[in-house]
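Residue numbers run from 1 in the order of the sequence given. Counting starts at 1 for both ligands and their atoms, in listed order.
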Amino acid sequence: MKVIVASDHAGFRLKERIKQYLKRKKIDTIDLGTNSLDSVDYPDYAIKVAEKVAADKNLRGILVCGTGTGMTIAANKVKGIRAVAAYDAYSAKMSRIDNDANVLGLRGRFFPFNRVKKIIRVWLDTPFSGKDRHKKRIEKIADYESRG
Ligand code: RB5
């Protein structure tokens, strides 16, 4: 599994720390920017990452903005993306078990790095349960998307 990361200016510092953390964990990372604290628009980065993740089952996305919400909202507009904004390890874990989330949105501002590490660890390590009832629910989302 490879992880694509991106952020806006508000998430830039955290994205850089996340890259170092993933490197230490020997997880391959692709960085799609941004590369500075200059103001940019989070949808440009969210959609770039989401399109890549939607096209390749071996990819997961991690997106960081000030709150984690803008990135997640934008990523979820891309067909095939199930993005979660997670602020605790339980939500991150359940987003994998029940929802097979393929993009993780994180909050870059006022959020302790220890919690970020825990969220990422559990989110990357937890598999989708594959249970029929959860598959059925995910298929309902996919059906709705394909009607659009
Ligand atoms: C940028 O100021 C901020 O709005 C953005 O990083 C994010 O929090 C949006 O959801």
Side-chain angles (χ1 to χ4, degrees), residues 1-25 27-128 134 137-148:
M1 183 214 310
K2 258 191 195 166
V3 177
I4 312 197
V5 297
S7 73
D8 68 357
H9 52 287
F12 171 68
R13 284 201 174 95
L14 178 57
K15 173 186 55 94
E16 294 303 301
R17 291 187 78 179
I18 289 172
K19 277 195 310 185
Q20 289 168 12
Y21 172 66
L22 293 175
K23 195 174 174 187
R24 284 200 300 277
K25 283 184 61 92
I27 293 170
D28 287 338
T29 307
I30 303 164
D31 182 359
L32 295 189
T34 188
N35 298 313
S36 77
L37 293 170
D38 296 342
S39 183
V40 292
D41 299 328
Y42 62 80
D44 297 335
Y45 294 87
I47 290 166
K48 240 195 302 189
V49 168
E51 284 182 340
K52 291 213 179 301
V53 171
D56 184 345
K57 283 195 186 331
N58 291 316
L59 286 178
R60 299 262 202 98
I62 296 183
L63 293 167
V64 193
C65 61
T67 56
T69 55
M71 284 290 198
T72 305
I73 290 168
N76 273 321
K77 299 296 174 194
V78 175
K79 195 172 168 180
I81 291 303
R82 293 174 301 278
V84 57
Y87 306 107
D88 60 80
Y90 178 75
S91 315
K93 184 175 181 171
M94 295 317 292
S95 80
R96 292 288 312 132
I97 292 176
D98 289 0
N99 316 115
D100 198 13
N102 48 14
V103 170
L104 173 65
L106 291 169
R107 173 176 151 189
R109 288 184 174 138
F110 314 115
F111 202 65
F113 192 61
N114 267 346
R115 209 185 305 172
V116 169
K117 284 194 289 189
K118 216 170 157 188
I119 289 169
I120 290 177
R121 202 183 318 126
V122 79
W123 191 74
L124 291 179
D125 289 349
T126 304
F128 174 49
H134 294 304
R137 291 162 189 165
I138 289 170
E139 278 162 17
K140 285 190 175 188
I141 299 170
D143 282 353
Y144 179 78
E145 279 177 335
S146 57
R147 274 185 266 137

Could you check Leu124 against Leu22 for side-chain contact (heavy atoms from CB on, under 4.5 Å), going step by step and ending with a plain yes or no? CA-CA 10 Å; Leu124 291 179; Leu22 293 175; 3.7 Å; yes
Inspect the surroundings of [atom1] in [X] and state if more than 12 heavy atoms from other residues, nucleotides or ligands are less than 6.0 Å away.
{"X": "Tyr90", "atom1": "OH", "result": "no"}
{"X": "Lys52", "atom1": "NZ", "result": "no"}
{"X": "Lys23", "atom1": "NZ", "result": "no"}
{"X": "Lys19", "atom1": "NZ", "result": "yes"}

Check [X] against ligand 1 and report side chain, backbone, both or neither, counting heavy atoms closer than 4.0 Å.
{"X": "Thr67", "value": "both"}
{"X": "Ala10", "value": "side chain"}
{"X": "Met71", "value": "neither"}

Which of the atoms in ligand 1, numbered in the order shown and given with their element, are less than 4.0 Å from a heavy-atom of [X]?
{"X": "Thr69", "value": "10 (O)"}
{"X": "Tyr42", "value": "9 (C)"}
{"X": "Gly66", "value": "5 (C), 6 (O), 7 (C), 8 (O)"}
{"X": "Asp8", "value": "1 (C), 5 (C), 6 (O)"}
{"X": "Arg109", "value": "2 (O)"}

Answer yes or no: does an N/O atom from Gly70 fall short of 3.5 Å to an N/O atom of ligand 1? yes
Heavy atoms of the protein only: does one fall short of 4.0 Å from atom 4 (O) of ligand 1? no
Is the side chain of [X] donor-acceptor paired with the backbone N or O of [Y] at a distance under 3.5 Å, no angle test?
{"X": "Asn102", "Y": "Gly80", "result": "yes"}
{"X": "Lys15", "Y": "Thr34", "result": "yes"}
{"X": "Arg82", "Y": "Ile138", "result": "no"}

Tell me whether His9 reaches ligand 1 (any heavy atom closer than 4.0 angstrom to a ligand atom). yes
Of the listed options Gly108, Cys65, Gly105, closest to atom 7 (C) of ligand 1 (non-hydrogen atoms): Cys65
